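Working notes for the structure below.
Small disclaimer: the values here were computed from a predicted structure and weren't measured.
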Amino acid sequence: MKTVLVVDDELDVAEAVQAILEEEQFRVILCGNGREALEKLAEVKPTLAIIDVMMPVMNGYETIDAIRENPDYVFPILVMSAIQPPKEKAAQQGWAGFLKKPFSLASLLESVTRLTSSS
């Protein structure tokens, strides 16, 4: 079963994503911030990570930098945010995609399916 790590401090958004993806037979692990996600990565190897940008403790960019520093963490990252991030951020951090909040069910599923089918 493919595992998706969802990192978002907005519980309603995270739970909605979880419900949608579990319906499609994905295993979903929720984390409320970047530090929690990094702790979780010590025990879980996701197929894909969906990371929100605006979070307390450790924002999405900091979380992605920390993930990219570890050579054991090799999985695509789908960034989600209500605001369009600077284009150079995506290039610097090697994102696999960007999802603008609020997103549709169809765009979430299309992105997740595309990014998990190649692995």
Verdict with reasoning, I29 to V4, per side-chain contact (heavy atoms from CB on, under 4.5 Å): CA-CA 6 Å; I29 293 159; V4 179; over 6 Å; no

Any chance CD of E43 has more than 12 other-residue heavy atoms, nucleotides or ligands included, within less than 6.0 Å?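 It does: E43 CD has more than 12 such atoms within range.
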
For K40, I'd like to know if atom NZ has over 12 heavy atoms of other residues, nucleotides or ligands within 6.0 Å. no

Test side chain to side chain contact (heavy atoms under 4.5 Å, CB included) applied to [X] - qualifying residues, sequence neighbours left out:
{"X": "E22", "result": "Q18, V28"}
{"X": "A96", "result": "P76, L115"}
{"X": "K45", "result": "Y73"}

Decide yes or no for [X] and [Y]: does some side-chain heavy atom of the first lie under 4.5 Å from some side-chain heavy atom of the second?
{"X": "M80", "Y": "I50", "answer": "yes"}
{"X": "L30", "Y": "D8", "answer": "no"}
{"X": "T3", "Y": "L5", "answer": "no"}
{"X": "P102", "Y": "V13", "answer": "no"}
{"X": "T116", "Y": "F26", "answer": "yes"}
{"X": "R27", "Y": "T47", "answer": "no"}

Heavy-atom pair of closest approach, residues [X] and [Y]:
{"X": "A49", "Y": "F75", "value": "CB-CE1, 3.5 Å"}
{"X": "R35", "Y": "M58", "value": "N-SD, 3.6 Å"}
{"X": "N59", "Y": "V53", "value": "CB-O, 3.3 Å"}
{"X": "Q93", "Y": "Y61", "value": "NE2-O, 2.8 Å"}
{"X": "V7", "Y": "A37", "value": "CG2-CB, 3.6 Å"}
{"X": "S111", "Y": "L78", "value": "CB-CD2, 3.8 Å"}

Any chance you could lay out the side-chain contact (heavy atoms from CB on, under 4.5 Å) test for K2 and L48, step after step, and finish with the verdict? CA-CA 8 Å; K2 292 179 178 175; L48 169 70; over 6 Å; no

Is the side chain of [X] donor-acceptor paired with the backbone N or O of [Y] at a distance under 3.5 Å, no angle test?
{"X": "K101", "Y": "S81", "value": "no"}
{"X": "S117", "Y": "R114", "value": "yes"}
{"X": "E110", "Y": "A106", "value": "no"}

Same cluster or not: [X] versus [Y], using hydrophobic residues (I, L, V, M, F, W, Y) connected whenever any side-chain heavy atoms lie under 4.5 Å apart?
{"X": "I67", "Y": "V44", "answer": "yes"}
{"X": "V6", "Y": "V57", "answer": "no"}
{"X": "I77", "Y": "L108", "answer": "no"}
{"X": "W95", "Y": "L99", "answer": "no"}

Interatomic spacing from NZ in K89 to CZ in F98 - rounded to 0.5 Å: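 CZ of F98 is found 13.5 Å from NZ of K89.
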
Pair F103-V17, side-chain contact (heavy atoms from CB on, under 4.5 Å): steps then yes or no: CA-CA 10 Å; F103 44 80; V17 170; 3.7 Å; yes

The test is side-chain contact (heavy atoms from CB on, under 4.5 Å); show your working for E24 and T113 and say whether it passes. CA-CA 9 Å; E24 299 294 320; T113 304; over 6 Å; no

